[in-house]
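Each remark here refers to the structure printed beneath this line.
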Amino acid sequence: MIRLLLAMLIALNVALFLWIQYGNRTAAPTRPEPLSRPDFGQIRLVGEPETAEEPVIEAKMNAQEPVQAPQPHAGDTHPAEPEPATVPEVTSETETQPESEPQIQQESSQQQVLDTLSTPSEPAPEPRVQPIPTESQPEVLYCGELGPMRSRNMAEGYRRTLAAGKAEVRVETRPGKETVGYWVMIPETPDVARAEAMLKRLVQAGFKDLWLMREGEHKNAISMGLYTQERYAQRHADNIHEKGFDPVVVPKQKKARVYWVLFSHAGVNELQKIEAQKLPSNAALEKKGNYSPLR
């Protein structure tokens, strides 16, 4: 019994193997046909002029070439039949002609030549003339004096400023006058009677500390105060003027020795430094002449 089952099992295996090897096989799936190329129309380059689209007949080029008919062989009993004429295909897409681009370039070059001939020619730039080097102008030198000054130390400071260049500078002592204060006074009158009448008017107006000068440089003038600084004297004079009088501010001076700075061959730069500073009262910079030394 077991042998029978084994024989049947072997027979089934053999039958299955033969059926697999030589049986009906399923047909392989066919590959899909490639889709036709999409039509994108005509592609134009940037700047390419629009031209009328003309169909290109491919068969027209082929028709120019002669077609030789096939010659019959010796063993053929029937003459060879002529092949049917092929219908020329008309393509809807217009290919870009390679000759159009050189033609456009030729037209543009001709246009540039015409534009060049039509525009008026500009005059050629004149050659630059190099300036002829000239000799430097000689420096102007000055001589003069600066003063008066009450302090010798102050005079020495100005001397060092001027001596920084090529100037010859020295300090000189001279007799002079020194300002020691500022008078506030009513100016001089022609006679004493008028001076006394003015003095009474001032007393009636409420002014005190009045003094009638009967001799000296300011004879018949009325002093109304002596101040050490000019600004205080001017303030007092303005108050008197508001009450109907006309006072003046006069410097009070005395004899003293003053100092002067004498210079020669001083340059412009050194003199400008002196002028930029605040000079002492009653002092001034005086230029007496200029020299242009030969070089």
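Keep in mind it's a predicted model, so treat the numbers as computed, not measured.
Side-chain contact between Y158 and P280 is present, with heavy atoms from C-beta onward closer than 4.5 Å. Looking at E178 and Q253, their side chains never come closer than 4.5 Å, going by heavy atoms from C-beta outward. E286 places none of its side-chain heavy atoms less than 4.5 Å from the side chain of L146. By the 4.5 Å heavy-atom criterion applied to side chains, W260 and T173 are not counted as neighbours. Using a 4.5 Å cut-off on side-chain heavy atoms (C-beta onward), F245 and L202 make contact. Residues E156 and V261 fail the side-chain proximity criterion, which asks for heavy atoms closer than 4.5 Å. In this structure the side chain of R194 reaches within 4.5 angstrom of the side chain of D191, judged on heavy atoms. Residues M213 and K219 have side chains not in contact (no heavy-atom distance under 4.5 Å, counting atoms from C-beta outward).
To the nearest 0.5 Å, atom CZ of residue R150 and atom OG1 of residue T179 are 7.5 Å apart. With rounding to the nearest 0.5 angstrom, the CD atom of E168 is 10.5 Å from the CG atom of L141. One finds the CG atom of D246 at 10.5 Å from the CD1 atom of I240 (value rounded to the nearest 0.5 Å). A distance of 13.0 Å separates CG of N269 from OG1 of T161, quoted to the nearest 0.5 Å. In this structure, CG on L226 lies 9.0 Å from CE on M185, to the nearest 0.5 angstrom. Taking CG from L199 and CE from M224, the interatomic distance works out to 9.5 Å, rounded to the nearest 0.5 Å.
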Go through the steps for L279 and I274 under the test side-chain contact (heavy atoms from CB on, under 4.5 Å), then give the verdict. CA-CA 8 Å; L279 299 178; I274 297 297; 4.3 Å; yes
Give the C-alpha distance, both sets of side-chain angles, the deciding distance and a yes or no for side-chain contact (heavy atoms from CB on, under 4.5 Å) between F263 and L271. CA-CA 10 Å; F263 59 88; L271 294 179; 4.0 Å; yes
After noting the C-alpha distance and the side-chain angles of Y232 and V184, does the key distance pass the side-chain contact (heavy atoms from CB on, under 4.5 Å) rule? CA-CA 10 Å; Y232 296 138; V184 178; over 6 Å; no
Going through the distances and angles, do M149 and V258 end up as a side-chain contact (heavy atoms from CB on, under 4.5 Å)? CA-CA 6 Å; M149 286 171 276; V258 293; over 6 Å; no
Run the salt bridge (Lys or Arg N to Asp or Glu O under 4.0 Å) check on E172 and R170 step by step: do they pass? CA-CA 7 Å; E172 183 179 87; R170 62 186 178 89; 3.3 Å; yes
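Within 6.0 Å of atom CD in E217, 12 or fewer heavy atoms from other residues, nucleotides or ligands are found, so the atom counts as exposed in its surroundings. The neighbour count for Q229 CD, taken as heavy atoms of other residues, nucleotides or ligands under 6.0 Å away, is above 12. Annotation: R159, atom CZ; neighbour count of heavy atoms from other residues, nucleotides and ligands within 6.0 Å is above 12. At most 12 heavy atoms of other shown residues, nucleotides or ligands fall within 6.0 angstrom of atom CG in D209.
Of all the heavy atoms in Y182 and P251, the pair that sits closest is CD2-CA, 3.9 Å. The minimum heavy-atom distance between P148 and A283, with the atom names listed, is O-CB, 3.4 Å. The two residues A167 and A266 come nearest to each other via the heavy atoms CB-CA, 3.5 Å. Smallest separation of non-hydrogen atoms from A237 and P247: O-CG, 3.4 Å.
Of the charged side-chain nitrogens involved, at least one lies within less than 4.0 Å of a carboxylate oxygen, so that R174 and E145 count as a salt-bridged pair. A salt bridge links E275 with K287; the closest basic N to acidic carboxylate O contact falls under 4.0 Å. Using a cut-off of 4.0 Å between Lys/Arg side-chain N and Asp/Glu carboxylate O, E196 and R201 are scored as not salt-bridged.
Note on M198 and L210: same hydrophobic cluster, where clusters join Ile, Leu, Val, Met, Phe, Trp and Tyr whose side-chain heavy atoms are under 4.5 Å apart, directly or indirectly. I10 is connected to F17 through a chain of hydrophobic side-chain contacts under 4.5 Å among Ile, Leu, Val, Met, Phe, Trp and Tyr, so both are in one cluster. V249 and W211 fall into different hydrophobic clusters, where Ile, Leu, Val, Met, Phe, Trp and Tyr are joined by side-chain heavy atoms under 4.5 Å apart, directly or via other members. Residues V203 and I186 share a single hydrophobic cluster, defined by chaining ILVMFWY side chains whose heavy atoms lie under 4.5 Å apart.
For the pair S151 (side chain) and N153 (backbone), a donor-acceptor distance under 3.5 Å is present.
Of the residues Q234, R235, H236, the one that meets the side chain to side chain contact (heavy atoms under 4.5 Å, CB included) test with Y227 is H236.
For the pair K243 and F207, the distance from NZ or CZ to the six-membered ring centre is under 6.0 Å and the angle to the ring normal is within 45 degrees.
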